[in-house]
K.L.:
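Below you will find the structure I want to go over with you.
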Amino acid sequence: MTESHTPTLQARIVALLRHAVRTVAPDSEAEILLERPRQADHGEFACTLALQLAKTTRRPPRELALALVAAVPPSDLVERIEVAGPGFINVFLTAAAKQSVVTAVLRTSNAWGRVDLGRQRRVQVEFVSSNPTGPLHVGHGRGAAFGASLANILDKAGYRVQREYYVNDAGRQMDILAVSTWLRYLTGFGSRIPFPPNGYQGDYVADMAQRLRHVENTRLVRPDEAVLRGTPGIAVRQADEDQAADDQNETHMDILIANAKSLLGEDYRVVHQLALHEQLADCRGDLEAFGVIFDEWFSEQSLYDDGSVARVVEQLTTAGHVYEQDGARWFRSSAFGDEKDRVVQRENGIFTYFASDIAYHANKLARGFDLIVDVWGADHHGYIPRVKAALMALGLPAERLQVPLVQFVSLYRHGTKAQMSTRKGQFVTLRELRTEVGRDAARFFYVLRKSDQHLDFDLDLAKSESNDNPVYYVQYAHARIHSVLAKWGGDPGLLAQAALAPLHSPQEFALMQWLREYPETIELAAREYAPHMVAFYLKDLAAALHSYYNAVQFLVDDEPLKLARLALITAVATVLRDGLALLGVSAPETM
RNA sequence: GUGCCCGUAGCUCAAUCGGAUAGAGCACCAGCCUUCUAAGCUGGGGGUUACAGGUUCGAUUCCUGUCGGGCACGCCA
């Protein structure tokens, strides 16, 4: 296991306190937890044990605290222990104990902050998983930034992580994209078929149609009358909520799809595959440029091709959890905590998306993951109970599935909320955002708030005043340190041997405190699925560095003092770089 | 209507099992570059943590209710 200094230090303090508890309250089984006080004059660690034990021991907490402190054995780590307030036990470390973190960081380098929360268990993080029917937009960007950062943090916290993208290549949306592309292709050869309002209207569809024309020439052209045969025509909505018109247009689209399939025969697949592969390649390239790399792109269609979907429905049926009603087959999910039963196979014989999702999650568990993390948009929250219900009904460990929800991104342009529609092609793409504000700023901005908090993305602010973005504040701290080291010109590798005794100012101890807290931050962020904690930590660490930078001169004549200070800021740079890397943000050496 | 999430400084947001005087940034006010990067620093004003109860040594945090906002409630994906 990698050296991990902080837990050891904490563990040693806890051991001292446990010794005291055994003396004062032998029957106590309370876990001893250390907290980090907000204020420096409350020491490096605080313990609320006396307050908790007061009730069971029926002794005043303050008196109990004093007894505990008196029973703590002496240690070279501890400067003194105080009792404060109603019964807090505040532990003050010796200067040497505080300084030791600098050496620990320099020796472990990128391994500093590694914790063993995961105990090498295998976890899959599935995220983005957007329909490959158009470019990723800024909403997907949040899921991408969150998922990628979370995966990195889990990796750092001792899990073996697999990153997966679920490709919805089997559904009606893909058919609509294929037909949209085909219709644009036909238009290029003189077709006068009106383009349906519920088709995909973005320019990228016309681009794909042009490539299709280039490759296939007129081979896939069919007469307008045949394409439109049996369609009800396009209805114009008379109001915002015009259900009849919407229904008619959906029917229109369904018949267009059916006509396309029968008119093109095997060649329908050519159009379908072209659209799918173009969009997937686009998506993959887009994400890679965003610093988001997947280990696996898992095809939904493959679950149909290998019979998994049919098989899993049969398993549920055999187990007695499926019944037939109105011609459809229903899974009795209400028997497993869902609020109502759900259709798995429609009256027309087609399996629902839910059915393939059951097969997908059964497949995930069959792959042997100890933990499965699905990053979903907040609009899918009602979907969680039914997936868990299905896993339970199959006798699978549903508790291994965890679903952090990511709230929506609202886009603001010129102070007003921008509408986004994939089908109409009206959205700001992730690619556009990246080009405008840069990858670093976008990645950092996305994880700057809790995932269950709405994110208001002000495009004007992000684009025009990107210097206000806090990411530059953190990167600047890193660049400043490297600037000092470059000016110094010595060998940073030797700094791990520097004597640290000259470091004893409040600012220096504050920086050491932050370095000590990095592993703790990683563990918490991993346990809570909260990458924003890392972002806030980095802002705090950078603030402490900037403050220090302004207060002292590093390249001084006093050689021991100089080396000690350089060792400290080099350790800070190491942690800044590591933390930024977790969030997919670069750590430039000059700015 | 039912379920889930949210409500903290003028604005955008933090707050580690329930802990000590609720913290940052932006904006506002006053200072700091002849010296390692001023994309920085120092100081200041700004709060009934939506509201009303409850639990307890202690509540932004847990429970109940009210008000306000978001999302979901298909044989869509």
Side-chain angles (χ1 to χ4, degrees), chain A residues 31 33-39 41-42 46 48 50-52 54-55 60-62 84-88 90 131 133 168 170-174 176 250 300 325-330 339-340 342-354 356-357 377-385 405 407-408 410 448-450 452-456 458 461 465-477 479-488 517 520-521 523-525 527-528 530 532-533 535-537 539-540 542-543 545-556 566 569 590-591:
Chain A
E31 195 183 354
L33 295 171
L34 295 179
E35 293 175 359
R36 159 170 51 97
R38 288 203 178 100
Q39 290 166 264
D41 60 353
H42 290 156
T48 59
L51 295 165
Q52 289 156 16
K55 189 171 286 179
R62 214 184 145 81
F88 293 100
N90 293 332
N131 282 340
T133 53
N168 297 121
R172 179 167 177 267
Q173 293 306 319
M174 267 311 300
I176 294 176
E250 294 305 320
E300 179 191 6
Q325 184 180 307
D326 304 328
R329 295 171 81 191
W330 298 69
E339 57 186 16
K340 53 177 285 196
R342 310 289 174 178
V343 172
V344 287
Q345 191 172 19
R346 286 189 264 164
E347 192 177 359
N348 60 12
I350 296 175
F351 288 110
T352 60
Y353 179 82
F354 177 44
S356 59
D357 235 14
D379 54 334
H380 282 67
H381 68 78
Y383 204 78
I384 301 169
L405 297 174
Q407 281 287 352
F408 286 167
S410 298
L448 209 45
R449 53 218 59 202
K450 285 188 290 195
D452 57 7
Q453 196 77 245
H454 267 275
L455 173 59
D456 289 332
D458 187 328
L461 181 74
E465 300 179 57
S466 57
N467 277 3
D468 286 344
N469 197 304
V471 70
Y472 296 107
Y473 184 79
V474 179
Q475 289 179 318
Y476 188 48
R480 274 181 144 180
I481 294 170
H482 273 273
S483 178
V484 173
L485 292 176
K487 186 107 178 175
W488 171 54
E517 279 167 23
E520 183 186 332
T521 302
E523 176 157 350
L524 211 55
R527 199 188 308 142
E528 302 286 322
H532 79 278
M533 289 181 174
F536 278 97
Y537 168 85
K539 277 171 66 181
D540 288 336
L545 186 281
H546 285 309
S547 181
Y548 185 45
Y549 186 97
N550 277 271
V552 306
Q553 193 75 13
F554 298 106
L555 302 178
V556 291
L566 290 175
I569 63 173
T590 58
M591 286 178 74

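So that the names make sense, note that chain A is the first sequence line, chain B the second, and so on, each numbered from 1.
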K.L.:
Heavy atoms under 4.0 Å, any strand shown: does A:A378 hit a base, just sugar-phosphate, or nothing?
P.N.:
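Result for A:A378 = sugar-phosphate.
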K.L.:
Base, sugar-phosphate, or nothing: which does A:Q325 touch, judged by heavy atoms less than 4.0 Å apart?
P.N.:
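Since a base atom lies under 4.0 Å of A:Q325, the category is base.
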K.L.:
Classify A:H380 by what it touches in the nucleic acid, base, sugar-phosphate, or nothing, heavy-atom distance under 4.0 Å.
P.N.:
base
K.L.:
Using the criterion of both pairing distances under 3.5 Å for Watson-Crick and G-U wobble pairs, give all stems of 3 or more consecutive pairs involving RNA chain B.
P.N.:
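Stem list for RNA chain B: B:1-7 with B:67-73, B:10-13 with B:23-26, B:28-32 with B:40-44, B:50-54 with B:62-66.
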K.L.:
Mind checking if A:N348 touches a base, just sugar-phosphate, or nothing, with heavy atoms under 4.0 Å?
P.N.:
nothing
K.L.:
Regarding A:T521, tell me which of base, sugar-phosphate or nothing describes its non-hydrogen contacts under 4.0 Å with the strands shown.
P.N.:
nothing
K.L.:
For B:C33, is chi within 90° of 0 (syn) or not (anti)?
P.N.:
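It is syn.
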K.L.:
For B:A24, does OP1 or OP2 lie under 4.0 Å from any side-chain N or O of A:H546?
P.N.:
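No.
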K.L.:
By nearest nucleotide on RNA chain B, pick out whichever of A:L51 and A:L485 is the more 5' one.
P.N.:
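In this pair, the answer is A:L51.
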K.L.:
For A:K340, answer base if it contacts any base atom (sugar-phosphate contacts may also be present), sugar-phosphate if it contacts only those atoms, and nothing otherwise; contact means non-hydrogen atoms under 4.0 Å.
P.N.:
sugar-phosphate
K.L.:
Against the six-membered ring of A:Y549, is A:R480 placed for a cation-pi contact (under 6.0 Å from the centre, within 45° of the normal)?
P.N.:
yes
K.L.:
Applying a 4.0 Å non-hydrogen cut-off, can you work out what A:A551 is touching in the nucleic acid: base, sugar-phosphate, or nothing?
P.N.:
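Nothing, no heavy atom under 4.0 Å.
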K.L.:
Would you mind classifying the nucleic acid contact of A:H42 as base, sugar-phosphate or nothing, using non-hydrogen atoms under 4.0 angstrom?
P.N.:
base
K.L.:
Mapping A:S547 and A:R38 onto RNA chain B by nearest heavy atom, which one lands closer to the 5' end?
P.N.:
A:R38
K.L.:
Give a yes or no on whether a donor-acceptor pair under 3.5 Å exists between the nucleobase atoms of B:C71, that is its base, and the side chain of A:H381.
P.N.:
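By the distance-only test, yes, there is a pair.
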K.L.:
Kindly determine whether A:V484 and A:L555 satisfy side chain to side chain contact (heavy atoms under 4.5 Å, CB included), including the steps that lead there.
P.N.:
CA-CA 8 Å; A:V484 173; A:L555 302 178; 4.2 Å; yes
K.L.:
Select base, sugar-phosphate, or nothing to describe what A:R449 touches, counting heavy atoms under 4.0 Å on all strands.
P.N.:
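Sugar-phosphate contact only - A:R449 comes under 4.0 Å of backbone atoms but never of a base.
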K.L.:
B:A20 base to A:N90 side chain: any donor-acceptor pair below 3.5 Å?
P.N.:
yes
